Every structure is written in structure tokens, then in C-alpha cells.
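In this text, all values refer to a predicted model and were calculated from it rather than measured experimentally.
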Amino acid sequence: MDNTLKISFSGNETDREFAISPDRPLTKLDAASAKAYEANMRAGEAQDKGPAQPATQKQSINQKLFALVCAKEVCPKLNMIRVTKGFEKKNMMHPVDWGVIIWPADGKEYIAIIFEQPSDAPEKVMEWLEKPFTPFNDENITSFIKGTLPVLQKLHSARLSHGNIRPTNLYYKDRDKRSVVLGEAVSSSLGDEQNAIFEPIERAMANPYGKGKTTIKDDLYSLGVTAAFLALGQNPLFADQSLTSSVSVDALDARTHKHLYQRINFGSFFATASRIKVSPRIIYLFRGLLEDNPEDRWGLEELEAWATGKIPHVNQPNIHKNDKGVMYKEYSHTNLKSLTHAITEDYVDGISKLFSGGFDTFIKARIIDADSDTISLDKIVGALRSSTGSMKSDVHLARVAMTIDKRAPIRYKRISVMPHGIGTLTIKSLNDDEDVERLCEFVQNDIFSFWIQQDEKRQDQHIKMASLLKKHFLKQAFSEGIEKGLYILNPNLACLSEVLQNYCVTRPTNIVYKLEEALKKDKKIDLIDQHIAAFISAHMNIPQSWSAEVQLDDKDEKKFLTMLRFLSFTQETSSNNDPVPTVCDWFARRLDKNIIHFKSKDRKKQLIKKAQKIAKKGVLKPMLETLDSAEEKALDQQEFNEAQKKYVDLEKKIILTNKDQIKYASKNNPFGWQVANFVSFALLVMTIIMVMKG
């Protein structure tokens with residue numbers, strides 16, 4: 001059973017088509033958030049069609065293909081796909097193309113990314129992080145570095161980074177296992193697939209989904225750890241034992257956690273690679289790439305110099321003896337960075353520890369600050385004593401932590417996030433009320449704003465994000481709240497509306513067409529919920545007044561017309577000219593429920609009939625123009641004003657007639673009262689009829 005993926009959504013000029021086989025999984029090529037399946041170019045599409053293309057765009061496909069089918073909420077790096085799919089594929093699995101498919105198993109849409117297989121029989125260098133493999137010798141490691149260097153240079157020139165460099169994402173290019181290729185880097189932007197051992201200390205401290213985008217310096221650190229794995233032939237964290245099978249997740253997490261504290265206290269080079277028996281040349285590679293201060297860590301220039309046989313400068317490792325450390329939470333801490341991380345990890349106990357008597361004296365007496373950017377102890381003690389009665393203890397703890405360790409993640413309660421990781425953390429928090437509440441507290445208590453204030457360099461880069469968080473995370477407005485913030489921070493994220501749960505909508509101009517499909521299956525759905533309104537509002541220039549109107553009562557005319565405006569706008573700005581008759585019919589069927597308010601019943605009836613006729617054509621804008629016509633409303637109001645005047649005039653005549661009839665009845669006719677009442681009633685009915693007709 002094959003399912004066709006037509007690559008035109010991504011703008012491919014050749015309009016090639018690929019076939020994906022759901023019944024042929026390729027588990028060895030699975031990514032953390034995507035499943036791999038065999039794929040091939042459809043018959044008749046094996047060669048490019050049309051005029052010649054520039055070399056950067058031309059795709060020469062000589063190997064077998066596979067597709068990564070991504071989970072909806074992972075937010076693939078679509079911009080990176082667009083840039084890198086024309087790159088040379090010699091030493092990295094770059095995407096060939098991508099698109100949206102309907103998966104046969106559940107009928108839902110997913111993003112699928114097409115790659116060339118790294119070899120005829122793909123095999124990972126390391127299947128899981130505890131499984132030993134044949135170690136690489138110095139020559140193989142040097143060859144790996146030389147092969148990876150051009151990839152990183154190319155990415156860096158495009159202002160990109162890989163973010164997934166690790167031995168479990170390396171593949172042998174040949175059966176002799178003499179050379180390797182880097183695995184894919186685009187199937188997810190969450191960052192959770194990269195184990196903390198491959199991350200610099202600051203990113204390793206953050207929540208798995210709160211690490212944010214990587215930099216080239218992060219890639220170089222990952223490259224250094226990967227080289228250490230290759231030299232040892234196994235995970236350095238398990239070098240003290242012989243493993244023949246995978247260990248439990250808890251065991252791996254425990255070792256990784258302990259290793260992080262060893263790195264904070266003694267340096268990443270010492271904790272990770274200092275005991276590996278390799279040549280001095282490889283040791284220099286480890287020391288240059290595993291430098292914890294990013295400013296002193298090797299960059300691409302130093303790595304290129306090393307690859308040509310030179311030895312760039314490296315800092316001498318600064319090791320502190322364990323006997324000067326302080327025991328807390330089962331670890332010995334030799335510097336403030338380590339102790340602060342331990343306190344913020346268990347913030348409830350940490351608050352108690354922070355405010356216990358003499359804590360500032362405890363710091364002065366027992367802690368050695370080993371960071372290169374040494375912090376004044378007087379400043380720290382001042383921060384500890386700055387608590388006021390109005391400041392919450394958890395807010396105070398967060399501020400103290402930021403004062404002590406400026407490079408660490410921003411920490412508040414269970415949040416530990418790098419500034420660019422707030423967006424991806426929000427994706428994973430949105431379905432949990434407690435997590436959402438904690439994020440809103442994070443913004444409400446100015447945690448992020450305080451972090452910005454700690455360094456003037458952060459002002460220009462992050463002040464807009466701080467404003468965005470306050471604008472949306474603290475609002476309850478239908479399309480202006482945290483959901484809008486979510487889509488602004490994650491521009492490639494598909495709309496997470498329940499109405500669109502079977503679809504993968506990454507562009508607002510596609511929403512109306514997916515709603516058309518959804519309505520054909522279930523005509524009772526609501527066309528615009530909070531996610532759809534926020535998604536459209538985040539991606540398009542929507543008047544702010546629409547946000548207030550779209551959350552009014554369902555029977556309110558303004559809400560009805562604003563919903564029509566939202567979807568009319570998306571259809572009008574779409575390059576797709578297909579009609580949406582089912583969506584139009586959804587609106588047309590609700591016109592009989594007195595949603596549209598015209599004072600003249602005849603005029604209203606005529607306009608509704610006209611709109612329902614227009615709806616059959618499947619275009620929303622003419623419907624909106626008919627129902628929300630300023631000219632028709634002006635005429636309706638004018639006729640109503642004239643009718644009101646007639647009513648007043650007739651009312652005066654009724655009063656005069658009543659007086660005359662009463663006078664006549666009292667003098668001449670014993671039945672005059674009944675006649676007078678009948679005449680008055682008749683005139684009143686005539687008046688009402690005239691007003692109602694307008």
C-alpha cells in the first residue's frame with residue numbers, strides 16, 4: 001500500500017511527486033519525533049522537468065529515498081528545509097523536499113520530509129546511548145572532523161546550525177564503516193531529542209523543551225562530545241561498566257544528572273574526556289571543543305586550523321579539589337553555579353535553604369566561585385537581603401539565581417528556560433493548566449524582564465519578546481491571548497485547533513479550505529475557535545477590534561460578521577482560487593436565526609435571500625459585502641427614521657381623534673366609548689404596519 005506525496009506545497013519548481021510506503025518502515029532512520037518509511041520518486045519523475053535550474057536548486061537523486069513523517073506538534077524547521085535542500089549531500093542528510101500528506105492509518109495530515117538514504121543498508125554508528133561500538137582511531141576521528149567541518153561552515157554561512165550532532169545520529173556511508181554522514185537536523189525544533197550530555201552546561205540545565213535554538217558554538221560542543229564517544233567506543237558515562245543491552249531511562253537520566261554536576265564543578269573536558277586514551281592531538285581537540293565558556297570555545301576557524309595540522313590555543317583546565325566543596329542534595333559543590341543549580345532544581349527546599357539564617361555567611365565561608373566572570377560576593381549577599389514583604393519567595397529565589405549565574409537558564413519554580421526556548425516550552429505547556437498558570441506567573445512576576453536587566457546587551461535582542469509575553473500571556477482575549485503568543489513565537493507550528501485536528505495547517509490562507517473539508521464531514525462544528533482566531537491573528541494583519549467581536553455571544557450580529565470577516569480575509573489573500581461552498585452554506589444557514597439585524601423586515605428578507613444565493617458560488621467576500629453593506633444599512637436607517645416620524649405624526653392624530661371622540665360620546669352617543677376605542681385601535685394598527693414595513 002503506497003501513499004502519494006506531491007511536493008508542490010514547498011514551492012518546488014519541478015513539481016515532482018514521491019510515493020511513501022506506510023507498510024515499509026525504516027526504524028533505523030527514525031528520528032526522535034518522526035517515523036521513517038521507504039519512499040521513491042514516482043514513475044516518470046526520475047529526472048527534472050522544465051528549464052535548467054541553478055546548481056543550488058537542482059536536485060540530483062542517485063540513492064534510495066526515505067520519508068520522515070513528523071508528529072503534528074513538533075514544529076519542523078521549515079525555513080531550514082527551504083534553505084538546505086539545495087546543499088551538497090556528501091556529509092549530511094539534507095532534505096530533498098517536503099510536503100503535507102494524508103496518512104492512511106488515521107486519515108490525518110502530517111508533514112513528511114523526503115531524504116536520500118545515507119547508504120543502501122543504513123546503519124547507525126550507535127544504536128542507543130549505552131550500546132558499545134567499535135572505537136574510532138585517531139585517523140578516523142580526524143576524517144570525521146574534516147568531513148563535518150564543511151557542513152558546519154555551510155550552515156553557519158546561512159545563519160543556521162545543526163542542533164542534532166551525536167553518535168546516535170551518525171550513519172555509516174559504506175559497508176566497510178570507514179566514513180560517516182551526519183543525520184538529519186530539520187524534523188523538530190523542540191530540542192528534546194538531544195541528550196543533555198551533548199549540550200553545553202547552560203542548555204543542559206534547561207527543561208528539555210526550553211532550550212531554544214542552537215548556535216554554531218553549541219554544535220561545536222556537541223561535536224566535541226561526539227568525538228569523545230567515537231574515541232572511547234561507548235558512552236563515557238558508562239565507561240566504568242560493560243554494557244551488552246540498553247539500560248533503563250531512569251538509569252541513563254541519573255548518570256546524566258550526576259555528570260552535569262561534575263561538569264559544573266570540574267569542567268566539561270575533565271568530566272567527559274580527560275581519561276580517554278588518545279593522542280595529544282585529539283586531547284587538544286577535546287579541550288578546544290569542550291571549553292565551557294562559549295567565548296573561549298573553539299570556533300570554525302580554530303577547528304579548521306586543527307584539521308590542517310595546527311594546534312590552536314586552548315585554556316588550561318581549572319580543577320578544584322573536592323575537599324573544599326559543600327554537600328547539598330547528594331552532591332559536593334565547589335562553586336556558586338553548582339549550588340545555585342541544586343537549590344533551583346528543588347525550589348521548595350531551595351527557598352527554605354535560601355532564607356535560612358546565615359546563608360550569606362555560608363556562601364562566603366565555603367564556596368569558591370570558579371567562573372571566569374567572577375561575581376562580587378557583596379552583590380550576591382545584597383541580592384539575598386533585598387527581599388521585601390511584597391516580594392514572593394519564589395520570585396526572590398529566581399532573582400538571586402539570575403544574579404549569581406548570568407549564563408544559566410532563567411529559572412522560576414519548575415521552569416528552567418533559555419530565552420529563545422520560551423516558544424517551544426509553551427507548545428508543551430499549553431495542554432496542562434498548571435504549566436500554563438506557571439508560565440503566566442513567570443511573565444506576571446517580571447522574571448524575564450529582570451533577566452534582561454542583568455545585562456545591557458540583552459536589551460536590544462530580547463526587549464521585544466518581553467513586550468510580546470506581557471501583551472499576550474496575560475490577556476484572556478479570544479485571539480489575543482497566550483494562543484496568539486504561541487503562534488508568534490513558533491511561526492512554523494501547525495494550527496492546534498480541535499476543529500483542525502485531522503489537518504496540518506501551517507499557513508493561515510489554507511485554513512478556510514481545510515474548514516471546507518472538515519465541514520463536509522461534520523456540519524455542526526464551530527468555524528472559529530480560540531486557536532483558529534489566534535493563528536490567523538498571529539500570521540496576518542488583523543484589526544484589533546475583530547479580536548473583541550469574535551468572542552461575543554453566538555447570537556450577536558457582530559460575532560457572526562467578524563467570523564465571516566476572518567475567513568473571507570484568508571480566502572481573499574490566498575493564492576488558491578477554489579470555492580468553499582460548504583463554508584458559505586454554514587453561514588447562509590444561520591441567517592434565518594435573526595443574526596443579521598435590519599430594522600426593515602422586507603429589506604432584511606431580501607438581503608438574506610441574496611446572500612444565500614451568493615453562498616452557492618463558494619466565495620465569502622460577496623456574502624460579507626451583502627450582509628455588511630454600509631449603503632444598505634444607511635438606507636435601512638433612513639427609512640426607519642422616516643417611519644419613526646410618521647409614527648409620531650400618527651400618534652398625534654390618534655390623540656386628537658381620541659379627544660374628539662370622547663367629546664362626541666359624552667354628548668350624543670351612549671356607545672361613543674366603544675367607537676372611540678375601536679377607531680384608536682385601528683389607527684394604531686395601521687401605524688405599526690407602516691413602521692414595520694419601513
Peer 1: Rounded at 0.5 Å granularity, tell me how far CD1 in Ile427 sits from OH in Tyr487.
Peer 2: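 Rounded to the nearest 0.5 Å, the CD1-OH separation comes out at 9.5 Å.
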
Peer 1: Mark yes or no for whether Ser21, through its side chain, and Asp23, through its backbone, hold a donor-acceptor pair below 3.5 Å.
Peer 2: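 A pair under 3.5 Å: no.
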
Peer 1: Carefully, step by step, assess Glu184 and His162 under the rule side chain to side chain contact (heavy atoms under 4.5 Å, CB included).
Peer 2: CA-CA 8 Å; Glu184 65 88 23; His162 191 284; over 6 Å; no

Peer 1: Please check if any side-chain donor atom of Arg565 sits under 3.5 Å from a side-chain acceptor atom of Ser568, or the reverse.
Peer 2: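 No, Ser568 and Arg565 have no side-chain donor paired with an acceptor closer than 3.5 Å.
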
Peer 1: For Ser537, which of Lys484, His472, Glu483 qualifies under side chain to side chain donor-acceptor pair (under 3.5 Å)?
Peer 2: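 The passing option is Lys484.
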
Peer 1: When you measure from the side chain of Gln612 to the backbone N and O of Ala588, does any donor-acceptor pair fall under 3.5 Å?
Peer 2: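 Here the side-chain-to-backbone pair exists.
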
Peer 1: Identify whether the distance between the nearest side-chain nitrogen and carboxylate oxygen of Glu123 and Lys28 falls below 4.0 Å.
Peer 2: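 So Glu123 does not pair with Lys28 through a salt bridge.
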
Peer 1: Please determine whether the number of non-hydrogen atoms from other residues, nucleotides or ligands lying under 6.0 Å from atom CD of Glu498 exceeds 12.
Peer 2: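 Incorrect, the count does not exceed 12.
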
Peer 1: Quick check: do Thr168 and Met126 have side-chain heavy atoms less than 4.5 Å from each other?
Peer 2: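 A side-chain contact exists here, since the closest heavy-atom pair is under 4.5 Å.
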
Peer 1: Can you tell me if CG on Asp106 sees more than 12 non-hydrogen neighbours from other groups inside 6.0 Å?
Peer 2: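 Yes.
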
Peer 1: Is Lys124 atom NZ crowded by more than 12 heavy atoms from other residues, nucleotides or ligands, each under 6.0 Å away?
Peer 2: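 Counting other residues, nucleotides and ligands, NZ of Lys124 exceeds 12 neighbours.
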
Peer 1: For Gly163, does its backbone N or O pair with a side-chain atom of Asp219 as donor and acceptor, under 3.5 Å?
Peer 2: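 Here the side-chain-to-backbone pair exists.
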
Peer 1: What's the spacing between Met563 CE and Ile532 CD1 if we round to 0.5 Å?
Peer 2: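 Reported to 0.5 Å precision, the distance equals 8.5 Å.
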
Peer 1: In sequence, state the C-alpha distance, the side-chain angles, and the governing distance for Phe587 and Leu624, and then conclude on side chain to side chain contact (heavy atoms under 4.5 Å, CB included).
Peer 2: CA-CA 10 Å; Phe587 283 102; Leu624 177 62; over 6 Å; no

Peer 1: If you count the non-hydrogen atoms of other residues, nucleotides and ligands that lie under 6.0 Å from NZ in Lys621, is the total more than 12?
Peer 2: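 It does not: Lys621 NZ has 12 such atoms or fewer within range.
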
Peer 1: Hey, mind stepping through Arg166 and Asn164 against side chain to side chain contact (heavy atoms under 4.5 Å, CB included) and telling me if it holds?
Peer 2: CA-CA 6 Å; Arg166 58 183 181 275; Asn164 277 339; 3.3 Å; yes

Peer 1: Less than 4.5 Å apart, any side-chain heavy atom of Tyr110 and any of Cys504?
Peer 2: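 They are not in contact (no side-chain heavy atoms under 4.5 Å apart), so the answer is no.
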
Peer 1: The criterion is salt bridge (Lys or Arg N to Asp or Glu O under 4.0 Å); which residues satisfy it with Glu517, sequence neighbours excluded?
Peer 2: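 Applying salt bridge (Lys or Arg N to Asp or Glu O under 4.0 Å) to Glu517 gives Lys514.
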
Peer 1: What I want to find out is whether Glu199 reaches Lys211 closely enough, with some N-O distance under 4.0 Å, to be called a salt bridge.
Peer 2: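 Judged by the 4.0 Å cut-off on N to carboxylate O distance, Glu199 and Lys211 do form a salt bridge.
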
Peer 1: Kindly indicate whether the side chain of Ile415, heavy atoms from C-beta on, has any atom under 4.5 Å from the side chain of Ile447.
Peer 2: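 In short, these two side chains do not touch, never coming nearer than 4.5 Å.
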
Peer 1: Check the pair Lys413, Glu441 against salt bridge (charged side-chain N to carboxylate O under 4.0 Å, His left out), reporting the backbone distance first and the verdict last.
Peer 2: CA-CA 10 Å; Lys413 292 188 175 180; Glu441 280 184 26; 2.8 Å; yes

Peer 1: Looking at side-chain heavy atoms only, is the closest gap between Asn195 and Leu252 below 4.5 Å?
Peer 2: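 Contact flag for Asn195/Leu252 side chains = yes.
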
Peer 1: Is any side-chain heavy atom of Arg82 closer than 4.5 Å to a side-chain heavy atom of Trp98?
Peer 2: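 Answer yes - side chains close enough.
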
Peer 1: Compare every heavy atom of Ala466 with every heavy atom of Ile452, then report the nearest pair and how far apart it is.
Peer 2: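 Heavy atoms of Ile452 and Ala466 come nearest at CD1-CB, 3.7 Å.
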
Peer 1: Could you check whether any side-chain heavy atom of Glu109 comes within less than 4.5 Å of a side-chain heavy atom of Tyr503, counting everything from C-beta outward?
Peer 2: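 They are in side-chain contact.
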
Peer 1: Check the orientation of Phe66 and Phe115. Use parallel for under 30°, tilted for 30 to 60°, and perpendicular for over 60°.
Peer 2: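 Aromatic pair Phe66/Phe115 classed parallel.
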
Peer 1: Whether the side chain of Arg507 engages the backbone of Ala494 through a donor-acceptor N/O pair (distance < 3.5 Å, no angle test) should be reported.
Peer 2: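 Not at all, since once roles are kept as given, no pair shorter than 3.5 Å links the two residues.
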
Peer 1: Any non-hydrogen side-chain atom of His531 less than 4.5 Å from a side-chain atom of Leu486?
Peer 2: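 Result yes, sub-4.5 Å side-chain heavy-atom pair found.
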
Peer 1: Looking at Lys213 and Asp218, does any basic side-chain N land under 4.0 Å from a carboxylate oxygen?
Peer 2: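 Here Lys213 does not pair with Asp218 in a salt bridge, since their nearest N and O are not under 4.0 Å apart.
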
Peer 1: Please find out if less than 6.0 Å separates the ring center of Phe442 from that of Phe473.
Peer 2: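 When the ring centroids of Phe442 and Phe473 are compared, they turn out to be at least 6.0 Å apart.
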
Peer 1: Flag the pair Ile614 / Val619 as yes when at least one side-chain heavy-atom distance between them is below 4.5 Å, and no otherwise.
Peer 2: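 No, too far: nothing below the 4.5 Å cut-off.
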
Peer 1: Looking at Thr214, is its backbone amide N or carbonyl O close enough to the side chain of Ser161 to form a donor-acceptor pair, meaning the two atoms are under 3.5 Å apart?
Peer 2: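 Side chain of Ser161 to backbone of Thr214, a donor-acceptor pair under 3.5 Å: yes, one is there.
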
Peer 1: Cut-off 3.5 Å, side chains only: do Glu345 and His257 have a donor facing an acceptor?
Peer 2: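 Indeed, the side chains of Glu345 and His257 share at least one donor-acceptor pair under 3.5 Å.
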
Peer 1: Please verify the inter-ring angle class for His462 with Phe448; under 30° counts as parallel, over 60° as perpendicular, anything in between as tilted.
Peer 2: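 Taking Phe448 first and then His462, their aromatic rings stand perpendicular (interplane angle over 60°).
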
Peer 1: So, Ser187 side chain and Ala34 main chain: donor-acceptor pair closer than 3.5 Å or not?
Peer 2: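 Not at all, since once roles are kept as given, no pair shorter than 3.5 Å links the two residues.
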
Peer 1: Do Glu116 and Lys64 pass the side chain to side chain contact (heavy atoms under 4.5 Å, CB included) test, and can you show the C-alpha distance, the side-chain angles, and the key distance before you say yes or no?
Peer 2: CA-CA 6 Å; Glu116 289 184 22; Lys64 291 182 178 180; over 6 Å; no

Peer 1: Compare every heavy atom of Ala32 with every heavy atom of Glu193, then report the nearest pair and how far apart it is.
Peer 2: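 Smallest heavy-atom distance, with atoms named: CB-CB, 3.1 Å.
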
Peer 1: As an exercise, state the distance from OG1 of Thr84 to NZ of Lys77, rounded to the nearest 0.5 Å.
Peer 2: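 Answer rounded to 0.5 Å: 10.0 Å.
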
Peer 1: Using modelled atom types and a 3.5 Å cut-off, is there a donor and acceptor pairing between side-chain atoms of Tyr513 and backbone atoms of Asn576?
Peer 2: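 Looks like yes, one N/O pair under 3.5 Å.
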
Peer 1: Indicate whether the side chain of Ser416 and that of Asn207 have a donor and an acceptor atom separated by less than 3.5 Å.
Peer 2: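 No pair is found: no donor N or O on one side chain lies under 3.5 Å from an acceptor on the other.
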
